[in-house]
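First up is the structure itself, then whatever we jot down about it.
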Amino acid sequence: MVQVEGLTKYYGSRCALDRVSFRVDHGEIVGLLGLNGSGKTTLLRILAGHLLPTSGTVTVQGRDLYQDPFRLKRSIGFLPETPPLYGDMTVASYLLFVARLKGLTRKEARLRLEEVEAEVDLAHVRDEIIDQLSFGYRQRVGIAQALIHDPEVLLLDEPAAGLDPVQIVEMRELIQGLRGSRTVLLSSHILSEIRQICDRILVIQEGRIVAEGPEEELARKLRPGMRVRIQVRGGGDRVRQCLAAVDGIDDIAGARQEGDQATFLLSLSKDVRDRIASALVRGGIGLLEMSRADLELENVFLGLLEQTGAAG
Amino acid sequence: MKRFWIIFVRELGAYFRSAMGYVVMAAVLLVDGLLFNVYALGGGAKYSADVLRDFFYFSSGTTMIASIFLTMRLLAEERQAGTLSLYYGAPVREGTVVAAKFLSAFVFLCLITLLTVYMPLLIFVHGKVTAGHIAAGYLGLLCLGAASLSVGMFGSSLARSQVVAAVVSSALLVTMLLFWLLANITDPPLSSVFGYLALHNKHFLPFMKGVVNTMDLVYYLSVTYFFLLLSARVVEARRWR
């Protein structure tokens, strides 16, 4: 369990974190979502003990990180955005070095090495020089070094940055495999990544936590009502005429014409999706697709930015 | 202490895993060999003690230059590659990291220095020098080497780029070398202060002649400790930035 209270960090006169407080429970995977420069990396580096805060407290498993740093650093694993790898070492010798550095005995380190190699699927490259590995494998070694001492808290800074689509899926599965056994806090500015991996989201902007909760809850808080996206065959004006008679539609926006197809985003005060479909069919308009759009994280995120004035 | 040895072994191994270690070693041996033939053995008839003194004189130069090359990567490369975060995230003090890295560089420098021993041995076999003179000269080289390595370590702690680290360290070393010139043109007590602080002239010349003064040993140990302490403080201070 990680508890952060009133964490503030100044770089000179610039405030990078402003009284940040939150809690992550054991076994949770929490996403830290924010634009570049919003304070995600600073926050993670402070939690990992790499950086000292200007004020505030970090408690890990009930112990203050700054009162008992040596003991707590053993229970925290950190993958920075650039994995801290010694390119001249083999995968196995590097991981053994990190394990020993973190305080494991030689025997414990060898046992953990086998476990982590299996967990992160590195066994077949254990004798390879790190510099000769592909980017994806280097990222895996980065995760492995964060896991090698069997930490209870895992901090991952942009773990999927720079990976190709296949590697992103593998990384996602790897992190999801940690659910329940470890407390994971990961940062990203890639919305789809956060959505698919995390139980809960912390939205950070300009050094402050501006929203917190599961994706659906954030969406509901931000935009009450329902939002529906429809894709139709036909012109925009006819669609508006057909839907004008349907009670419960507050707004029809975002017409995007592609050939003979158009996409609209409807804001509804109540669930009238069946009536929308009937109205369109009666009006002779081909309804190609209808889907809920209010739960999309992109909307939540953009909404928050609009609310706090950063989008413009 | 356990982590000190873990870091020391990794760092020492890094010299053997990279080309840098071998290149520095080969360059020192080549230059020392050339200078030994040209300056120490050449130039007419000399006493063997003078030949040995000349050997230690130019070896001190190659030792200082080698120290810069051996240390420039130690902290600057770690910062650039982001590997310094491994130590920040581990239960280990910054001073331990700096000390372990320094010792690895020192042991590697000792190895390079040891490989030059065939030259004094040639003088020992064919001339009339004592083993004590050779031992004193090597002690001086290692003392000067330790001090230079610590200055190099400090330069490396300040910079992110290895080249900048080497430039900063070289500038510091040259400044400390030139203190004896300042001593010549200033009045007491400043001349005494600059004279005492001079890295080479005041403190290394006795070793070259086979004389070991406690004051010289204390000087080199103090310089080494001072710059290692500064390096550790710089690494520590980065946790605030």
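Chain A is the first sequence line, chain B the second, and so forth, proteins listed ahead of strands; every chain is numbered from 1. Quantities reported herein were computed from a predicted structural model and do not represent experimental measurements.
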_For chain B, which candidate among Pro84(A), Gly77(A), Ser93(A), Ala16(A) shows the most heavy-atom pairs at distances under 4.5 Å?_
Pro84(A)
*For Tyr225(B), look at atom OH and say whether over 12 heavy atoms of other residues, nucleotides or ligands are found less than 6.0 Å away.*
no
*Considering only heavy atoms, which portion of Ser85(B) lies under 4.5 Å from any heavy atom of chain A: side chain, backbone, both, or neither?*
both
_Closer than 3.5 angstrom, by distance alone: can the side chain of Arg239(B) be matched with the main-chain N or O of Gly49(A) as a donor-acceptor pair?_
yes
*chain A contact via Leu84(B) - side chain, backbone, both or neither, heavy atoms under 4.5 Å*: neither
*Which atoms of Arg74(A) come close to chain B, meaning under 4.5 Å heavy atom to heavy atom: side chain ones, backbone ones, both, or neither?*
side chain
*Considering only heavy atoms, which portion of Glu81(A) lies under 4.5 Å from any heavy atom of chain B: side chain, backbone, both, or neither?*
neither
*Identify which part of Leu85(A) has an atom lying under 4.5 Å from any heavy atom of chain B, answering side chain, backbone, both or neither.*
backbone
*Should we count CZ of Phe8(B) as having more than 12 external heavy atoms under 6.0 Å?*
yes
*Between CD1 of Ile6(B) and CZ of Arg106(A), what distance do you get to the nearest 0.5 Å?*
8.0 Å
*Val92(B) side chain near Phe70(A) side chain, heavy-atom distance below 4.5 Å*: no
*Determine yes or no for a side-chain-to-main-chain donor-acceptor pair under 3.5 angstrom, with Lys73(A) supplying the side chain and Tyr88(B) the backbone.*
yes
_Side chain to side chain, Leu86(B) and Tyr94(A), heavy atoms closer than 4.5 Å_ = yes
_Segment of Pro69(A) engaging chain B (4.5 angstrom heavy-atom cut-off)_ = neither
*asked:* Does Phe179(B) have more than 12 heavy atoms from other residues, nucleotides or ligands lying within 6.0 Å of its CZ?
replied: yes
*asked:* I'd like to verify something: which residue of Lys2(B), Arg3(B), Arg10(B) has the highest number of heavy-atom pairs under 4.5 Å with chain A?
replied: Arg10(B)
*Side-chain donor-acceptor pair under 3.5 Å between Glu78(B) and Tyr86(A), yes or no?*
yes
*Using a cut-off of under 4.5 Å for heavy-atom pairs, which of Tyr10(A), Tyr11(A), Phe97(A), Phe78(A) has the most such pairs with chain B?*
Phe97(A)
_Met89(A) side chain reached by Arg17(B) side chain, heavy atoms, under 4.5 Å_ = yes
*asked:* If we define contacts as heavy-atom pairs under 4.5 Å, which of Glu77(B), Arg238(B), Arg93(B) has the most with chain A?
replied: Arg93(B)
